[in-house]
Each structure stands twice: as C-alpha cells, then as structure tokens.
Amino acid sequence: MCAGPCAELRPVGPSLSEQSWVVSDYDLDLTLGCGQVFRWRQCGSLWIGVVNGRWVELQPGPTGLRARTVPPVPSWDWLAEYLQVHLRLETVLATFPEDVRLQEAVARWRGLRLLRQPAWECLASFLLSSSKRIEQIQQVIERLCRQWGDPISVPAGHPPAWSFPGPERLATARERDLRRCGMGFRASYLIEAARAVVDGSLDLAALRRQPYPVARAALLRLKGVGPKVADCVCLFGLGFFEAFPVDTWVARVLREQYFGGRPIAPEKLAEFGRRFFGPFAGYAQQYLFHDRRTAGKAPLRIGSPALDRGS
DNA sequence: TGCCAGGCGCACA
DNA sequence: TGTGCGCATGGC
C-alpha cells in the first residue's frame, strides 16, 4: 500500500497512454501481492510498479485489466507478456490432480496468476531473497533500485521511480557498496551473477529455449543459487511452468499434508511436486504457498468452480 | 533477547 | 549422501 494520500497521486489522464485487456479469472491484488514479485505498491484500487524500465499503473476492471504508462508506447506486447493476459486460467486448473488440499487452495485464491518477469530482475531478486521475509526483500530491492538503477519518467505528481539495475551496472559494483542496501552476504552472489551474464557464461535469453532441466542446471552453477532459487527463476522468469520451488512454506505444507509430517528433504519434495501436480506444477506451488502463508485469513468461496468440479 | 525469514555453501561424518 | 552450522539483516 502506498504511504501517501492516493488521491493526490492520480496521474493527469490525457498525458498517459492507456491499454486494456479483456481477461477473466485474473485477480490483480493476489497476483501482485502473493510474493512472486517485489516492486509493486498498492494505492487504493491501483497498483503502481516498474516493468522493463517503465513506470506502470494497473487497475482491475469488470472485464479485465487496464494499464497506463508514460508515452510513447509503440507496442504493449511487453506488458501483455509480463502479465500473461493470453493464458486461460481454466486451462491451467484443468491439469491439476483431484487433490483436496490443492482444490481448497484454488477455491480460496482463484484468480492468482503467475507473471513472466524479466529474467535478470527475477534472478537478482531471488538471489537476494534467501532467508529473508518478503517485506525485507521488497525493502532491499527498493534500495538497490534507488542506488543503482536509472531514474525513469513518471507522471506529474508521482514520486520518483527507478529502473531495476542491469547486470552491466552491478558487475562493476563493489561488494561493500551493495551491502549498504541491506543485502548482507548476498552481495557477492549478486555481483558474481551479474558478471556471469556480462561475460556471456550465463545467457538468460538462451535458457528460455532450453529444456527445463538444462536451464535449471545452468542456474545452479551460480554461487548463491540453490534448488529453490533456480526453480523460482525457471518459473517466474523463464516460463517453465513445471518448475516447483520448495521454500520453507511449501516444504511445510507438503510434509504436513502429503507425508504425515515426516522430514522429507526439499529436493525430494520438489521431485514429488513436479510429478504429482503435473505440467503446471509451478502454478500449484504458488497456490499452496500463498494458502499456507496466509493460513486462516480467507474463507473458502462456496460454489467456486474449482470445488464444483468435484474433489 | 531470542527467534525466524520464499536459502545456500561448506565442513564433516 | 545427509546433517549441522554460519552467514547479514530486520521485524516481532
């Protein structure tokens, strides 16, 4: 939520470019607030963030989504891709197994979508995420962008905003300077990853065209990238829907619900997740993650299509 | 003050 | 191959 009075931040309409998409089963609040992405701020019914170095305002509507940004905007493909507006959620849900635990989570949080984040931003963000709370990750990334990103155009009356710093910028940064953002021991990981991208030993764009195990293995070669971070990048940044990140919350729910509380190793849980939940296991993971993390905060939506399918 | 967080690397058994 | 600990930081 934004800190200031939202009414004062409303942009001057005619100066902004606007685009709408008709899309169903899309809950913007859930999608931007579920912990898969760290740079969006809610301001009433609006969400304000930065995508591909552009200031963006999003608003949910009765038939879909509306977006506004600072012109010129030759094409909106970049934002459509980011928001994944072309994906029918029903197609995803139809692949899920008849599993009570998952169907309950879907019923509670239907409309939660996965974004397709810029790969470098996704990798850098999740490198900084280890052993931190989501709120702390947001703070660190905000400081990182303020200090190392470039100022971008924002509408009149809005606070300044910065792009996410590219690998070229961070590859030459000093560790002690990065640590001032509050990232601690993760600073060296970030610098090494940036250097790998810059020197070409890690080609993130090429990884999109590789099979999931190949892309995952390439990410695992980076210092500071373990199975969980690699799967987050595969899922949120590279578009591998079969990736199944196992963090503390997902491990907890899997052990509780599927293994009788036994201490199964995270890698075994990831294998189970990919096999049991199918080609969109990553989507299932995000529903289980959000459901477990917000346990007890939302009632089941009685009559939800997910439950009506019978499970 | 202690615990824990969208983990990971490393030493050791 | 599995286990335990240290690593920075900040909120509760």
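Letters A, B, ... mirror the listed sequences (proteins, then strands); counts begin at 1.
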- Residue mapping more 5' on DNA chain B - nearest nucleotide basis, A:Tyr189 or A:Val246: A:Val246
- Message: Checking A:Asp291 against A:Trp109: is there a side-chain donor and acceptor pair closer than 3.5 Å?
- Response: yes
- Item | A:Gln136 side chain, from C-beta outward: closest of B:dG6, B:dC8, C:dG10 | C:dG10
- Task: Apply side-chain contact (heavy atoms from CB on, under 4.5 Å) to the pair A:Arg208 and A:Arg116, showing each step before the final yes or no.
- Result: CA-CA 11 Å; A:Arg208 287 180 187 268; A:Arg116 179 73 54 82; 3.6 Å; yes
- Once you round it to whole Å, what is the distance between P of C:dG10 and CD1 of A:Ile134? 18 Å
- Note on the structure: Ordered by number, residues from residues 216-225 of chain A within less than 4.0 Å of DNA chain B (heavy atoms) are A:Leu222, A:Lys223, A:Gly224, A:Val225
- Task: State whether A:Arg252 places a side-chain N or O below 4.0 Å from either non-bridging phosphate oxygen (OP1 or OP2) of B:dA5.
- Result: yes
- Item | Nearest-Å distance once atom C1' is located in both C:dG2 and B:dG6 | 23 Å
- Query: Has the side chain of A:Arg133 got a donor or acceptor atom sitting under 3.5 Å from an opposite partner on the base of B:dC4?
  - Reply: yes
- Residues at least two apart in sequence or cross-chain that pass side-chain hydrogen bond (donor to acceptor under 3.5 Å, both in side chains) with A:Arg174, listed by chain then number, are A:Asp177
- Query: Is A:Glu57 salt-bridged to A:Arg68, going by a charged N under 4.0 Å from an acidic O?
  - Reply: yes
- Is any side-chain N of the basic residue among A:Glu90 and A:Arg88 closer than 4.0 Å to the acidic one's carboxylate O? yes
- Task: For A:Ser131, report the nucleic acid contact type (base, sugar-phosphate, nothing); a contact means any heavy atom under 4.0 Å.
- Result: base
- Task: Measure distances between side-chain N and O atoms of A:Arg186 and base N and O atoms of C:dA8, and say whether any donor-acceptor pair falls under 3.5 Å.
- Result: yes
- Item | Separation of C:dT9 P from A:Arg180 CZ (nearest whole Å) | 12 Å
- Task: Figure out the CZ/P separation between A:Phe126 and B:dC8, and round it to whole Å.
- Result: 11 Å
- Message: Please report the distance, rounded to the nearest Å, between CD in A:Glu267 and P in C:dT1.
- Response: 12 Å
- Sorted by first residue and then second, give each side-chain hydrogen bond (donor to acceptor under 3.5 Å, both in side chains) pair with at least one member in residues 226-240 of chain A; sequence neighbours left out. A:Tyr212-A:Asp231, A:Arg216-A:Asp231
- Query: With a 4.0 Å cut-off on heavy atoms, is A:Gly35 in touch with a base, just the backbone sugar-phosphate, or nothing at all?
  - Reply: base
- Indicate, with a heavy-atom threshold strictly under 4.0 Å, whether A:Phe236 touches base, sugar-phosphate, or nothing. base
- Query: Just checking A:Pro266: base, sugar-phosphate only, or nothing, at a heavy-atom cut-off of under 4.0 Å?
  - Reply: nothing
- Query: So, A:Phe289 and B:dG6: ring centres less than 5.5 Å apart, planes less than 30° off, yes or no?
  - Reply: yes
- Task: Taking atom P in both C:dG6 and B:dC3, compute the distance separating them and give it to the nearest angstrom.
- Result: 13 Å
- Message: When the P atoms of B:dA11 and C:dA8 are compared, how many Å lie between them, rounded to an integer?
- Response: 16 Å
- Query: How many Å lie between NZ on A:Lys228 and P on B:dA5, as a whole number?
  - Reply: 13 Å
- Take atom CG of A:Leu127 and atom P of C:dA8, then tell me their distance rounded to the nearest Å. 15 Å
- Nucleotide nearest A:Gln36 when distance is taken to its side chain, options B:dG7, C:dG10, B:dG6: B:dG6
- Query: Does one side chain, of A:Glu175 or A:Ser188, offer a donor that lies under 3.5 Å from an acceptor on the other?
  - Reply: no
- Separation of atom NZ in A:Lys132 from atom P in C:dG11, rounded to whole Å: 9 Å
- To the nearest Å, how far apart are A:Phe185 CZ and C:dA8 P? 7 Å
- Query: Per the side chain to side chain contact (heavy atoms under 4.5 Å, CB included) rule, which among A:Val23, A:Val92, A:Leu30 passes with A:Arg113?
  - Reply: A:Val23
- Query: Could one point to a donor on the side chain of A:Gln286 or the base of B:dG6 with an acceptor on the other under 3.5 Å away?
  - Reply: yes
